[in-house]
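Worth saying up front: this structure is predicted, and the values here are computed from it rather than measured. Numbered from 1 within each chain, the chains take letters A, B, ... in sequence-line order.
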Number of protein chains: 2
Amino acid sequence: MVERRERARRTTMNDVARVAGVSSASVSYALTGAPGVSDELRERIRAIANELGYRPSLVAQGLKTGRARSIGLLLADISNPFYTEIAASAVAAAGDEGYEVLISHVGLGQDTDGDDDGEREAARLAAVARAHIDRYTSGLMLTSLLASDRPLLEELRRTHVPVVQLYRRVPGEPSDWVGIDDHAAAADVMNHLIATGRRHIVVLGGQRSSYASTARATGFVDTLRAAGLQPANPDQGLWAGISRRSGYERAHELFAGDTRIDAVACGNDLIALGVLDACRDAGRAVPDDVAVTGIDDMSFASVGPLQLTTVTVPREQIGRRGVQLLLRRIDGNSGPPVEEVLPHRLRVRDTA
Amino acid sequence: MVERRERARRTTMNDVARVAGVSSASVSYALTGAPGVSDELRERIRAIANELGYRPSLVAQGLKTGRARSIGLLLADISNPFYTEIAASAVAAAGDEGYEVLISHVGLGQDTDGDDDGEREAARLAAVARAHIDRYTSGLMLTSLLASDRPLLEELRRTHVPVVQLYRRVPGEPSDWVGIDDHAAAADVMNHLIATGRRHIVVLGGQRSSYASTARATGFVDTLRAAGLQPANPDQGLWAGISRRSGYERAHELFAGDTRIDAVACGNDLIALGVLDACRDAGRAVPDDVAVTGIDDMSFASVGPLQLTTVTVPREQIGRRGVQLLLRRIDGNSGPPVEEVLPHRLRVRDTA
DNA sequence: GTGAAAGCGCTAACAC
DNA sequence: GTGTTAGCGCTTTCAC
């Protein structure tokens, strides 16, 4: 497939220079605000550029400077509203600083078993990251990290591409991160479940190779153990893909095999919504027969009759802080990695 | 804010050429598959490029060719799941053809009154579109069009930037479009409402300056009139921002002023979810006291106890066809504009 | 079949 | 204070 159609020629810096009767260098100085031209000339050049509808080519600029003045935001799955809410705030924050946020949908994390080793997923994430790097992105915001992404992170570090990890992270990775205390968040949920009398509690943790997921799963299980309980499902059954479908399918099986289950603690809201679907199908009343909980508190976790009990997280702040941290790195700050733990809060609604 | 940190030098085509002992031109031929090198040389160059971890600079390529091999997808509001579902399929379709989809969140359409003339919104959309153009995007997919965006569309046409309109469109605009028959979709919903005995029906249409919204509003009203009925709200009250909050606020007012309302027909699902929130607040039982309907059938319109009656639309196909049409244009096809009307279907669930 | 060289539009030395 | 110039990394004519 070859691109044929020719584009109308853009107005270039040379065009402006010619009309103004100056060199392109002066135009560059005048427009970027660099010293080197008189105020008077600067004004004249600005006026002409404006009149000609001149807009600098970010591509030429990028080739010259090595930076595109854009931030790449890589979302595992753009149809997970939790991440798009983070994205919206990141866009706003970056815009204030003159950066464009270019969002990519990586298409990950939806496997039903949540149990793959992440090889294929890592390859796909790396490919998308490179697509941004080859366009000279100024920096990358990553949300979909698995343990298997460590080589990619190392590659990014070697090539000095600024990176911030949002929410999820690869442990031990020396780049900035902003998120919540996953273990504590899960513990809060589990304590609530136990306090309200649940005893046959299933844990549906998320992806086995995701640090956030394992931290949550551990938080669930530790809390159960501390109360002298066990997950109602076997250890190998703790994992699920990060998707509604996965939550649905896992719950569906589980319900078929065990009628005593009285609660399902899910690693995130999306999984919990799938469990709710399964409850409806199986005719299990929520919360009377079975309690269901999530983590994230994405906006669609509470709509009209749907009122999921979950953990609320400062999404707006995650996006905003993430951009701030990244911009510091883009500006050359090379201090030690920042790990910012934001507050979370249990939100008891109608499902538990 | 200045970008300071220097990036590790990338492996360039010249590096490959030097190691292979050939000119950079030969490397270019070898790697792009162009004729001009022997099969043997081609293989040798490929091997060296591989070994060196060479990746072509898309920026340099872009500067030379005028195209970045990327498609810009501009979403009015990235937290509207309906559009992100379209986005996911567009990404998949474009990836098959070697194009990267870069998604932007424009941040539009959420005004509560849905009544602004779109001046500010048009300016914001134009700014985002230019951010893509200045990066030499191969083409643009637009989803958030209002009547006031016509100047932007004209600018794009003048500068030969291929464009496809998804779902929404500016009437009379000679660019490709793929969507549904909005008027008919609204009529289907309204007929259902009337057939099930509703008589005091409120219409909450969406943005006044959106063609899709007005087509739907007209579909609602025409169908009411044909049945000898009127909207239960005044004409000026027909409009709402494309958001849950807006749906909530409008319904909240409406419920306070009129207790006979027995149905709310909404221009899209998001608005309908807001209305459902308001019903819950006001203690109105759905569907017994009041019926609520949407259009779009985004995935979160039906979760567990939440089962919105709406119109389902082939989202996957919209994204895929949109990419196909755009790629044709990028490849230089200049045939007459294509308008592709995809099938919709009323989906009766629990709210009406 | 292969290489030299021009140039895409811009920035940043450096010279004047 | 202003202009000249050398690239950034690639594609593409044009010679050989």
How large an angle, rounded to 10°, do the end axes of the helix from C:dG1-D:dC16 to C:dC16-D:dG1 enclose when each is built from five base pairs?
50°

Applying salt bridge (charged side-chain N to carboxylate O under 4.0 Å, His left out) to B:Glu155 and not counting sequence neighbours gives A:Arg55, B:Arg130

Could you tell me which residues satisfy salt bridge (charged side-chain N to carboxylate O under 4.0 Å, His left out) with A:Arg320, sequence neighbours excluded, listed by chain and number?
A:Glu316

Rounded to the nearest 0.5 Å, how far does [atom2] of [Y] lie from [atom1] of [X]?
X	Y	atom1	atom2	value
A:Arg44	A:Glu40	CZ	CD	8.0 Å
B:Leu108	B:Leu75	CG	CG	11.0 Å
A:Arg18	A:Ile48	CZ	CD1	12.0 Å

Do B:Arg69's NZ or CZ and the ring of B:Tyr99 fall within the cation-pi criteria of under 6.0 Å and 45°?
yes

Under a plain distance cut-off of 3.5 Å, with no hydrogens placed, do A:Thr12 and A:Asn14 share a side-chain donor-acceptor pair?
no

Generate the contact string for nucleotides 5-14 of chain D. Rules: B means base contact, S means sugar-phosphate contact only, - means no protein heavy atom under 4.0 Å.
-BBBBBBBB-

Partners passing side chain to side chain donor-acceptor pair (under 3.5 Å) against A:Thr65 (at least two apart in sequence or in another chain):
none

With a 4.0 Å cut-off, would you call A:Asp134 and B:Arg10 a salt bridge?
yes

For the side chain of A:Thr32 and the backbone of A:Ser28, is there at least one donor-acceptor N/O pair under 3.5 Å apart?
yes

First and last nt of DNA chain C near chain B, cut-off under 4.0 Å to heavy atoms, 5' to 3', are C:dG1 to C:dG9

